[in-house]
Amino acid sequence: MKQSYFPQEIEKKWQKIWEESGAFKTPDTSDKPKYYALSMFPYPSGKLHMGHVRNYTITDVIARFKKAQGYNVLHPMGWDSFGLPAENAAMKHGADPETWTDENIAYMTKQLKMLGLSYDWDREVTTCKPDYYKWTQWLFLQLYKKGLAYKKEAAVNWCEQCGTVLANEQVIDGKCWRCDSVVEKKYLSQWFLKITDYADVLLEDLDKLSGWGDNVKTMQANWIGKSHGAILKFKVVEKDLEIPVYTTRPDTVYGITYLVVAPEYKDIEALTSPEQKSAVEAYRANARKMTEIERLSTDRVKTGVALGTHAINPFTGEKFPLWTADYALAEYGTGAVMAVPAHDTRDFDFAKKYNLPVKVVIQNPESPSDCKQEAYIDPGVLINSGEFNGINNEDAKKLITEKAVKEGFGEFKTQYRLRDWLISRQRYWGAPIPVVYCDKCGIVPVDEKDLPVLLPKDVDFSVVGKSPITTSKTFAQTTCPHCGGPARRETDTMDTFMCSSWYYLRYSDAKNSEKPFDRNLVNKWLPVDQYVGGIEHAILHLLYSRFFTKALRDLGLLDFDEPFKNLLTQGMVLKDGSKMSKSKGNTVDPDEIFENYGADTARLFILSDSPPARDFDWSDAGVEGCYKFLNRVWRLVASNAENISLNFELPLSLKKENDDLVRLVHIAIKGITNDISNDFQFNTVISKYRELTNSIYDWQGKKSVMDDEDKAVLSFAIVSLLKLMSPVAVHLTEEAWHELGGKTSIHSEPWLKWDENLAKASSITLVVQVNGKVKDKLEVDEGLSEAELKQTAMESPKIKELIAGHDIVKVIVVPKKLVNIVIK
RNA sequence: GCUCCAGUGGCGGAAUCGGUAGACGCGUUGGACUUAAAAUCCAAUCGGGUGAAUAGCCCGGUGCCAGUUCAAGUCUGGCCUGGAGCACCA
């Protein structure tokens, strides 16, 4: 065995052997229980970054650990390969997106293999290939048939930079999630998926997801935004019209002093008096011009214009004025708000500015407020509210709504903030939406037998201001599947999040050309047992995938309703305290790490310093330290390889049960197994590797001469260390195993078991406290009774001295651990 | 403003149930080996006090203030700070 560690040589060698022997192929049938470990698949942007390395290493270690524990593990990989960067690159370089994407996939695949990841590449899924997007289109058609996909004209988010519309979830702080430019509103006819039909169940089922972090679950709950309230209707005085209003505060109806409709409110023109017409139109035109950011800024002073008309409060008969103001949102509730300045801060600000009256209807009897300085928004008791005076405002919500229902001017209403998912994109590099438009028949879905609708090749990527797909001479022109007459194809493609909403299902049956997946296989492998990925998908991908799973369950395609049983959201990889990014110039290239230190060092380091969920600060010294540690392990094996001639199998028979090193090995097996099982605490796993390695060196240092039994103990320790390290240092341990005489692969050896009796120190340290402070530590036998422990503690000279002359109030004895003497 | 998460040495972080705070590593300092360096190995490394002492011993210490308890990094209440998400959602 070579005395020095040459990772590059070893790694290349084993990667080749594993690939040729099909070491990581997953059979669909097995006696073992299934385990599905999955990383979020990458966009093939060109090269792996350290975030990828961290993500895939975590999942790989989990997959290998579970495999060793006796599971039939599914651990696949694929490519989320549709999307704008490919198209932009094509425009810039004149290549086509497919070539660019294929080259990137080839390069990144090579990198993934260099990292020693245990993927079953036979199940690889690539969303931009026709054999995949055929089924994305097919699933769209099933959703369409079910009424879950529909087309409508709506105000949508438009990104000028990307030249396409965006889903609400893709607008971050009023800006495009991809290019960060300001998003505008446009009125366009677009395809939507009816995710709002599932709002309630998406919210409720979050409770089922005990294996998800609270942070992700609350983010989703906030996004869905369920609220309970009422619709109240107000009759307009000057016109024969009614304005419905959504409110969560029906208890404040007696405090209404005006009513606001959004500038885009559908009846606004009819509601405007002739005198106010020009002022209202000017205000609306101005609102249209503003960007979302300006309009939604909460620091902005609220503005508005009176419509010159009035409505009646059915509870009081009072007449109040109608206004339009852009703090009312057209898309939420009914687009109209009843304004109660006394009990809502926004209404209060607006009323102050325009001198509108403030009427107090809720009071805290202990400290009444006149609402002159600010709105009173806390709970209280109703006043100035007719028959409801004196009632607690929470109870009044129900009673007042009940009265409105009875009298025919209101109803109870549950409202969600979630909007339908806009999936049309005015871009080329996506799955074409499989519908055609016929002058006679209207919207007609493409026949399933004609799928896939292939992307045209005859396109000009140099066009500006429109989708390249519209330059094809062959694509748009088609015939109607229904009447056979001339028809136009839909030229929009699907949001790439459609493709990624079901890819985890496809891995169960990746080659199926008849169906998206076989029902039995998908039910066998899913749900995913452990999903690992970045927190940035907390809403987007994870919410869409949950929706898809529920919709496909309702379509009868599968039998489960949540796709991901356990979710690990890994932290970011930082360098010098900030996220690695090209613009900051603080990136670290994985290729360089592989070349200088090897993949095992990269894997070890990326897991070592922080728990997976926390951010990880990359440090060059840390990498160096891990490399040194692997060298230290290598030397330990190499310097003993000749000395110990072994033909071992795990587990070894143990002759020297009382040897300290044997105990330390059992302690390590127990600790490492528990740390992995308990939230994948790989950072402590790695410190235990180091502890065991240090212990073996120490033990060896104390033996000047080794007898056969010593050699057996040493080899047991070394081999155990290798097996424990094998999920992380995949190449080094395999090479060492073979050099020591192993005939199989170390990765197919079962995980180690520990003996509970040996997984503890031979004697215990008794901590003796006086009044809760540690005063002495005594080595004692394990078997001592409570009384004996107490006696031992009291007899310690130090303790005797401390308690002399004091009354002993109480003595607490914690078996095998501690004695606390309480004195006065 | 609302919601969630976090706060422990110079740094990353450890600490199943409330029971020895600071594991393991990085860094730093000193030493061994060497002509020298690299590599490797050994030792020290929370703060304060008392010691000639880098020996003992004593005290304080896990963001702040209270509380529960024989015992609190851990539990409870109230704050402060940082991060993330949502945000004119009526």
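Order of the sequence lines sets the chain letters (A, B, ...), proteins ahead of strands, with each chain counted from 1. Because the structure is predicted, anything quoted here is derived from the model rather than measured.
- The aromatic rings of A:His541 and A:His537 sit perpendicular to each other, their planes meeting at more than 60°, with 30° as the lower class boundary.
- Heavy-atom contacts from other residues, nucleotides or ligands closer than 6.0 Å to CG of A:Asp378 number more than 12.
- Distance noted for atom C1' between B:A39 and B:U50: 43 Å (whole Å).
- Using a 4.0 Å heavy-atom criterion, one finds that A:Lys816 contacts no nucleic acid atom at all.
- Residue A:Phe629 contributes atom CZ, which lies 16 Å from atom C1' of B:U40 at whole-angstrom precision.
- In this entry the distance linking CG of A:Asp617 with P of B:A6 reads 19 Å, nearest Å.
- Residue A:Arg635 places at least one side-chain N or O closer than 4.0 Å to OP1 or OP2 of B:C41.
- Nearest to the side chain of A:Ile812, among B:U3, B:C24, B:C70, sits B:C70.
- Nearest to the side chain of A:Ser610, among B:C24, B:U40, B:G13, sits B:G13.
- Note on A:Ser227: only backbone sugar-phosphate atoms sit closer than 4.0 angstrom, heavy atoms only; bases stay farther off.
- Contact annotation for A:Asn694: backbone-only contact, meaning every heavy-atom pair under 4.0 Å involves sugar-phosphate atoms and none involves a base.
- For A:Pro611, the side-chain atoms get nearest to B:A14 when compared with the rest of B:A39, B:A14, B:U20.
- Checking B:A21, B:G85, B:C24 against every side-chain atom of A:Val774, the shortest atom distance belongs to B:A21.
- Regarding A:Asn683, its CG atom lies at a distance of 5 Å from the P atom of B:A14, rounded to whole Å.
- Using a 90° window around 0 for the glycosidic torsion, B:G85 falls outside it and is classed as anti.
- Counting any heavy atom pair closer than 4.0 Å across all strands shown, A:Gln681 reaches sugar-phosphate atoms only and no base atom.
- Nearest nucleotide to the A:Lys775 side chain, out of B:C42, B:A23, B:C59: B:C59.
- Ring orientation note: the planes of A:Tyr627 and A:Tyr5 are tilted relative to one another, at an angle of 30° to 60°.
- Here B:C41 is the nucleotide among B:A23, B:C41, B:A14 with the atom lying nearest to any side-chain atom of A:Arg632.
- Among the heavy atoms of the strands lying under 4.0 Å from A:Gln769 is at least one base atom, whether or not backbone atoms are also near.
- Side-chain proximity of A:Asp326 to B:G19, B:C88, B:G13: nearest is B:C88.
- When the P atom is used for both B:G13 and B:A23, the distance is 15 Å, rounded to whole Å.
- Ion pair A:Arg249/A:Asp344 not flagged as a salt bridge, since none of the NZ, NE, NH1 or NH2 atoms sits closer than 4.0 Å to an Asp/Glu carboxylate oxygen.
- On the P atoms, B:A6 is 14 Å away from B:A15, given to the nearest whole Å.
- For the pair A:Arg614 CZ and B:G83 P, the interatomic distance rounds to 16 Å; values are reported in whole Å.
- Glycosidic torsion of B:C59 falls outside 90° of 0, placing the base in anti.
- Closest to the side chain of A:Asp609, out of B:C24, B:C5, B:G12, is B:G12.
- B:A72 and B:U62 have their P atoms separated by 11 Å, with the value rounded to a whole Å.
- Remark: the A:Asn820 side chain and the B:C70 base include a donor-acceptor N/O pair separated by less than 3.5 Å.
- Taking atom C1' on both nucleotides, B:G61 is separated from B:G22 by 11 Å, rounded to a whole Å.
- Between A:Leu418 and A:Glu169 the shortest side-chain heavy-atom distance falls below 4.5 Å.
- Ring-plane geometry between A:Phe605 and A:Phe616 is classed as perpendicular, the angle between the planes exceeding 60 degrees on a 0 to 90 degree scale with a lower cut at 30.
- On the P atoms, B:C11 is 15 Å away from B:G27, given to the nearest whole Å.
- Of the candidate nucleotides B:C86, B:A14, B:C4, B:A14 has the atom lying nearest to any side-chain atom of A:Thr684.
- Here the C1' atom of nucleotide B:A87 and the CD1 atom of A:Ile172 are 13 Å apart, to the nearest Å.
- A:Arg417 comes within contact range of at least one nucleobase, with a heavy-atom separation under 4.0 Å.
- Look at CD1 on A:Ile256: it is 16 Å from P on B:A90, rounded to the nearest Å.
- Side-chain N/O atoms of A:Arg178 and A:Gln170 include no donor and acceptor closer than 3.5 Å.
- Whole-Å rounding puts the A:Phe682 CZ to B:A23 C1' distance at 19 Å.
- Comparing B:C88 with B:C4, their C1' atoms sit 23 Å apart, to the nearest whole Å.
- Checking each of A:Phe320, A:Phe409, A:Phe315 against A:Phe234 for a ring-ring contact (aromatic ring centres under 6.0 Å, His included) leaves exactly one that passes, namely A:Phe320.
- Taking the O4'-C1'-N9-C4 or O4'-C1'-N1-C2 dihedral as appropriate, B:G51 has a value within 90° of 0 and is therefore syn.
- The base of B:C88 sits within donor-acceptor range of the side chain of A:Lys302, with an N or O pair under 3.5 Å.
- In this structure, A:Lys628 reaches the sugar-phosphate backbone alone: every heavy-atom distance under 4.0 Å involves primed, P, OP1 or OP2 atoms, never a base.
- Separation of the C1' atoms belonging to B:U34 and B:C41 is 13 Å when rounded to the nearest angstrom.
- Regarding A:Met219, its CE atom lies at a distance of 19 Å from the P atom of B:C2, rounded to whole Å.
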